[in-house]
Amino acid sequence: MTTATATDFAKRLDQTAEDTEALLAKLLSDTLLPDEIARPKRLMEAMRYSSLGGGKRLRPFLVVESSALFGVPREAALLAGAALECIHCYSLIHDDLPAMDNSDLRRGRPTLHKKTDDATAILAGDGLLTLAFDIITRDELHNDPTVRLLLTRALARASGIGGMVGGQMLDLAGEGRFGDREPVDVARLQQMKTGALLRYGCIAGAILGQSTPAQYQALDDYGRALGEAFQIADDLLDVEGDAAALGKQTGQDAALGKTTFVTQLGIDGAKQRVRDLLAKADSALSIFGAKGDVLRAAARFVADRKS
């Protein structure tokens with residue numbers, strides 16, 4: 001990756017984070033939408049606490065950059081990215097709860113249930129989940145209702161039973177939460193729990209841009225490779241990372257007895273797997289030529305991140 005590409009990537013990542021922050025602040029304002037009766041103050045404050053003022057906004061960035069390959073209007077891509085980010089933020093709120101990972105810190109601040117209480121955290125997560133589907137169905141995303149339907153269905157499947165939520169269940173079962181520890185297929189678990197939302201960020205651009213089947217498949221392959229690389233990097237950070245830089249506790253996986261890529265492959269094996277995945281991601285983007293350089297940089301960013 002050239003210095004110019006790295007600089008361009010960093011600027012675009014920061015700009016998308018800034019734009020996403022502004023859009024989420026607007027979406028989570030106290031202004032009522034048609035058919036809404038009230039926006040309870042405590043609920044809105046909790047949703048804003050967990051959604052604003054932090055995060056790299058990688059998932060919206062993937063939506064924006066995959067959409068840019070097809071000339072999709074940035075405003076439409078940002079809306080789809082905001083919907084995805086709402087799902088991501090809701091998942092973090094619920095994941096942090098005592099019944100799940102029982103975490104005290106998130107992004108260097110108390111987790112929402114520590115800041116407020118469990119009930120408020122649960123409802124804030126529920127609110128963000130349902131808001132995501134309000135956003136992803138809006139007319140402003142695309143004038144073709146079929147495109148909006150495909151976006152919505154893909155988001156539901158990435159988020160739900162066969163995606164993130166199902167992956168969370170497999171993760172807990174692997175910890176022995178429901179009796180004896182169940183065998184864990186780490187690759188499949190990752191594809192569901194973490195990878196599904198990252199992959200959605202990549203294919204959303206193909207859906208919005210009404211891509212060819214070959215272009216869709218390329219972004220699908222890229223998204224799967226990026227998602228796995230992200231999870232391996234996360235597993236490595238839990239072992240080797242600095243808690244202050246991460247903004248959350250390290251060593252959580254070992255404390256909970258989780259099976260991870262590191263426990264299965266070892267540190268050196270996990271790092272080699274990341275290198276292989278970067279090559280796979282790079283190859284998948286070949287169909288886009290130089291237009292894919294920003295997404296190539298995103299894969300390297302994911303693999304090399306320290307927080």
Note to self: Any side-chain to backbone donor/acceptor pair from D185 onto A187? Under 3.5 Å, distance only.
What the structure shows: yes
Next item on the list: Identify the heavy atoms of L131 and L27 that sit nearest to each other, and give their distance.
Entry: CD2-O, 4.3 Å
Check: Does some side-chain heavy atom of L78 sit less than 4.5 Å from a side-chain heavy atom of P60?
Finding: no
Notebook entry, point to check: Got a salt bridge between K280 and D221, using NZ or NE/NH1/NH2 to carboxylate O under 4.0 Å?
Noted result: no
Next item on the list: Would you confirm whether T263, through its side chain, and T260, through its main-chain N or O, come within 3.5 Å as a donor-acceptor pair?
Entry: yes
Notebook entry, point to check: Do S50 side-chain atoms and L112 backbone N/O form a donor-acceptor pair below 3.5 Å?
Noted result: no
Next item on the list: Verify side-chain contact (heavy atoms from CB on, under 4.5 Å) between K11 and D14, making sure each step is shown before the conclusion.
Entry: CA-CA 5 Å; K11 286 181 179 177; D14 288 345; 5.9 Å; no
Note to self: Testing the basics here: between L285 and L219, what is the closest heavy-atom pair and its distance to 0.1 Å?
What the structure shows: CD2-CD2, 4.3 Å
Margin query: Is any side-chain heavy atom of D282 closer than 4.5 Å to one of R300?
Written below: yes
Item checked: Short side-chain donor-acceptor distance under 3.5 Å, T16 and D19 -> no
Next item on the list: Spell out, as yes or no, whether a donor-acceptor pair under 3.5 Å connects the side chain of S66 to the backbone of G201.
Entry: yes
Margin query: Within a 6.0 Å radius of atom CZ on R188, are there more than 12 heavy atoms belonging to other residues, nucleotides or ligands?
Written below: no
Check: Is it true that D96 and K114 make a salt bridge, defined as a side-chain N closer than 4.0 Å to a carboxylate O?
Finding: no
Notebook entry, point to check: To the nearest 0.5 Å, how far apart are CZ in R59 and CG in L197?
Noted result: 6.5 Å
Item checked: Value rounded to 0.5 Å, distance of CZ in R48 from OG in S29 -> 7.5 Å
Next item on the list: Could you tell me whether a side-chain N or O of T194 sits under 3.5 Å from a main-chain N or O of Q190, the two making a donor and an acceptor?
Entry: no
Notebook entry, point to check: Looking at side-chain heavy atoms only, is the closest gap between F9 and F61 below 4.5 Å?
Noted result: yes
Check: Are R12 and D8 close enough for a salt bridge, meaning some N to O gap below 4.0 Å?
Finding: yes
Note to self: Distance check, rounded to the nearest 0.5 Å: Q191 atom CD versus L189 atom CG?
What the structure shows: 9.5 Å
Check: Hey, what do you get for CE (M164) to CG (D171), rounding to the nearest 0.5 Å?
Finding: 12.5 Å
Margin query: Quick one, L226 and L295 - any side-chain contact, counting heavy atoms below 4.5 Å?
Written below: no
Checklist line | L198 side chain near L58 side chain, heavy-atom distance below 4.5 Å | finding: yes
Note to self: To check you understand the geometry: which heavy-atom pair defines the closest contact between T212 and Q215, and what is its length?
What the structure shows: N-OE1, 2.9 Å
Notebook entry, point to check: Does CZ belonging to R74 count more than 12 external heavy atoms closer than 6.0 Å?
Noted result: yes
Note to self: With heavy-atom distances below 4.5 Å as the criterion, would you say the side chains of Q210 and Y216 are in contact?
What the structure shows: no
Notebook entry, point to check: Rounded to the nearest 0.5 Å, what separation is found between the CD1 atom of I232 and the CZ atom of F261?
Noted result: 4.5 Å
Notebook entry, point to check: Hey, does the side chain of R148 reach the backbone of H142 with a donor-acceptor pair shorter than 3.5 angstrom?
Noted result: yes
Note to self: I'd like to know if the side chain of R305 and the backbone of F230 have a donor-acceptor N/O pair within less than 3.5 Å.
What the structure shows: yes
Check: Would L150 and L84 show up in the same hydrophobic cluster when neighbours are defined by side-chain heavy atoms closer than 4.5 Å?
Finding: yes
Check: Does a salt bridge link D117 with R42, judged by any charged N lying under 4.0 Å from a carboxylate O?
Finding: yes
Notebook entry, point to check: Taking all atoms of both residues into account, what is the closest heavy-atom pair of S51 and L28, and its distance?
Noted result: CB-CD1, 3.8 Å
Item checked: Donor-acceptor under 3.5 Å (S159 side chain, A156 main chain) -> no
Notebook entry, point to check: Any donor-acceptor pair under 3.5 Å linking the side chain of R181 with the backbone of E175?
Noted result: yes
Check: Is there a path from L149 to I207 through hydrophobic residues (I, L, V, M, F, W, Y) whose side chains come within less than 4.5 Å of each other?
Finding: no
Margin query: Considering only residues two or more places apart or on different chains, which pairs with a residue in residues 75-87 satisfy salt bridge (charged side-chain N to carboxylate O under 4.0 Å, His left out)?
Written below: R57-E85
Margin query: How about CD1 on I161, more than 12 heavy atoms from neighbouring residues, nucleotides or ligands closer than 6.0 Å, or not?
Written below: no
Check: Are R224 and E228 within salt-bridge range, i.e. N to O under 4.0 Å?
Finding: no
Next item on the list: Return yes if a side-chain donor-acceptor contact under 3.5 Å exists between Q272 and D268, otherwise no.
Entry: no
Next item on the list: Check F133 against L129 and note the closest heavy-atom contact, atom names and distance.
Entry: CD1-O, 3.3 Å
Note to self: Clusters formed by hydrophobic residues whose side-chain heavy atoms approach within less than 4.5 Å: which one holds I122, and what are its other members?
What the structure shows: L97
Checklist line | Closest contact, heavy atoms only, I93 versus A121 | finding: CG2-O, 3.2 Å
Margin query: Determine whether R177 and E182 satisfy the following criterion, salt bridge (charged side-chain N to carboxylate O under 4.0 Å, His left out), listing intermediate values before the conclusion.
Written below: CA-CA 9 Å; R177 292 290 190 94; E182 296 184 18; over 6 Å; no
Notebook entry, point to check: Quick one: does Y200's side chain get under 4.5 Å of L151's, heavy atoms only?
Noted result: yes
Note to self: Can you tell me if M44 has over 12 outside heavy atoms packed within less than 6.0 Å of its CE?
What the structure shows: yes
Margin query: Can you tell me how far apart CG (D144) and CG (D139) are? Round to the nearest 0.5 Å.
Written below: 11.5 Å
Notebook entry, point to check: Given the rule that I, L, V, M, F, W and Y join up when any side-chain heavy atoms are under 4.5 Å apart, are Y222 and V294 in one cluster?
Noted result: yes
Checklist line | Pair R39 + D30, salt bridge at N-O below 4.0 Å | finding: no
Notebook entry, point to check: Salt-bridged, D293 to R296, with N to O below 4.0 Å?
Noted result: yes
Note to self: Just so I know, are the side chains of I87 and L128 near enough to count as touching, which here means a heavy-atom distance under 4.5 Å?
What the structure shows: no
Notebook entry, point to check: Do you reckon Y90 sits in the same ILVMFWY cluster as L43, going by side-chain contacts under 4.5 Å, direct or chained?
Noted result: yes
Next item on the list: Flag yes if L23 and V64 sit in one hydrophobic cluster, no otherwise; membership is Ile, Leu, Val, Met, Phe, Trp, Tyr, and two members link when side-chain heavy atoms are under 4.5 Å apart.
Entry: yes
Notebook entry, point to check: Counting N and O atoms only, with roles assigned by atom type, does the side chain of S286 sit under 3.5 Å from a partner on the main chain of S283, one being a donor and the other an acceptor?
Noted result: yes
